[in-house]
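Input: a single structure, listed below in structure tokens.
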Amino acid sequence: PFLLLAASRCLRDAWTPSQRSLLSGWSQAAVVAALAGSIIPGFGPAGLSILVCVLVVLAMLTLGTALTLVHGLLVERLAMVIASVVCITWAALTIPALIGLAVVVPFYRELAIVIAVMAAAGMAYALVGTVIRRRSFVIGSLVALVVGLKIAHAGIYVPEWNYRLGAGPWGRAIGQWVPPLSPIHVFHAERADLLFATGREVKELVAPAWLEFVETARPQYVLLLPSEFEHWPAEAPRIERLRDFEDDRGVTRILARTLEPLPGVAAAAAAAN
């Protein structure tokens, strides 16, 4: 939209000499950044950041000039319409994705519901505020959008990005694959923060054969080192590999689960006798 505004001759004629000089300097920097990013290996991300800065400067110039050329009431009405479009677009894009996230990943269910409700409420406030021309409603919708973005970024995007790079609280990623009431069994000393990060009970067993003393029809989950998984004893309950994880030090863990119901204490004692 700002590029289209900048194409207007009447808008460009309203620019002051200082504004023209500022845009000319940034345009030259954009050309140099585009050439350097295309030719010099590894300079692409830096060149892209300069291009983004040029777009920001152009947006500021065109929007500021446009606001000085139109009547104040029109500007207010235009701002309300823009806010409504932004909130409707945000709600249309995020609510279906958040519903899918809540269904597929129970760990994010509460966050997804909160953000979806805020997006729907923000859209409703924006529409009502635009129709009845209430600025407080429109401002409230934008506040809901910003808060929802912050919650989504801090509660979903950043943790997921950290999990995939092994650079964050990786234990929370493990907890997504384990039902809430199921413990995680380990056969080696783990870091103390694993218990708090997974949100699951972590039980350290002496050997894999000790799983025989767990009496339950549900699968049991074990967190193993690669060497433990490769040398899983034949007499222990059979397991299947679910997913690999890397902690912030690059050490791999393998999450697996048992394939059949475990006999429990009574059955194991009877078999031993």
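As a basis for the values below, the full set of heavy atoms in this structure was taken, side chains included, without hydrogen atoms, waters or symmetry mates.
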Separation between OG1 of T89 and CE of M123, rounded to the nearest 0.5 Å
10.5 Å
Between T94 and W90 (side chain of the first, backbone of the second, donor and acceptor by atom type, cut-off under 3.5 Å), is there such a pair?
yes
Heavy-atom pair with the smallest gap, counting every atom of M118 and V147
CE-CG1, 3.4 Å
Hydrophobic cluster membership, L242 vs V186, 4.5 Å side-chain cutoff:
yes
Heavy-atom closest pair (L211 atom, H185 atom, distance to 0.1 Å) is CD2-CD2, 3.7 Å
Distance-minimising heavy-atom pair for P208 and W232:
CB-CH2, 3.4 Å
Among the clusters formed by ILVMFWY side chains lying less than 4.5 Å apart, do L98 and V114 turn up in the same one?
yes
Between atom CD1 of I239 and atom CD of E228, what is the distance when rounded to the nearest 0.5 Å?
9.5 Å
Is it true that V146 and V86 fall in one hydrophobic cluster, defined by side-chain heavy atoms closer than 4.5 Å?
no
Separation between NE2 of H231 and CG of L225, rounded to the nearest 0.5 Å
12.0 Å
Step by step, work out the side chain to side chain contact (heavy atoms under 4.5 Å, CB included) result for V222 and R257.
CA-CA 6 Å; V222 292; R257 66 181 176 185; over 6 Å; no
Within the side chain of R253, is there an N or O that forms a donor-acceptor pair under 3.5 Å with the backbone of F245?
no
Heavy atoms, side chains only, cut-off 4.5 Å: are Q220 and P183 in contact?
yes
Please find the pair of heavy atoms, one from T258 and one from P219, that lie closest to each other, and give the distance.
OG1-CA, 3.5 Å
Run the numbers on V143 and Y125 for side chain to side chain contact (heavy atoms under 4.5 Å, CB included), then give the verdict.
CA-CA 11 Å; V143 170; Y125 266 77; over 6 Å; no
For the hydrophobic clusters of this structure (ILVMFWY residues joined by side-chain heavy atoms under 4.5 Å, transitively), does one cluster hold both Y108 and L149?
yes
Between CD1 of I115 and CD1 of I156, what distance do you get to the nearest 0.5 Å?
4.0 Å
For residues I99 and L101: do they belong to one hydrophobic cluster (side chain heavy atoms under 4.5 Å, members Ile, Leu, Val, Met, Phe, Trp, Tyr)?
no
In terms of heavy-atom contacts, does CH2 of W177 have more than 12 from other residues, nucleotides or ligands at under 6.0 Å?
no
Point-to-point distance, once rounded to the nearest 0.5 Å, from CG of L255 to CZ of F229:
10.5 Å
Roughly how far apart are H188 NE2 and L223 CG, rounded to 0.5 Å?
5.5 Å
Taking all atoms of both residues into account, what is the closest heavy-atom pair of S84 and A126, and its distance?
OG-O, 3.1 Å
Can you see which heavy atom on S141 is nearest to which on C87, and at what distance?
OG-SG, 3.6 Å
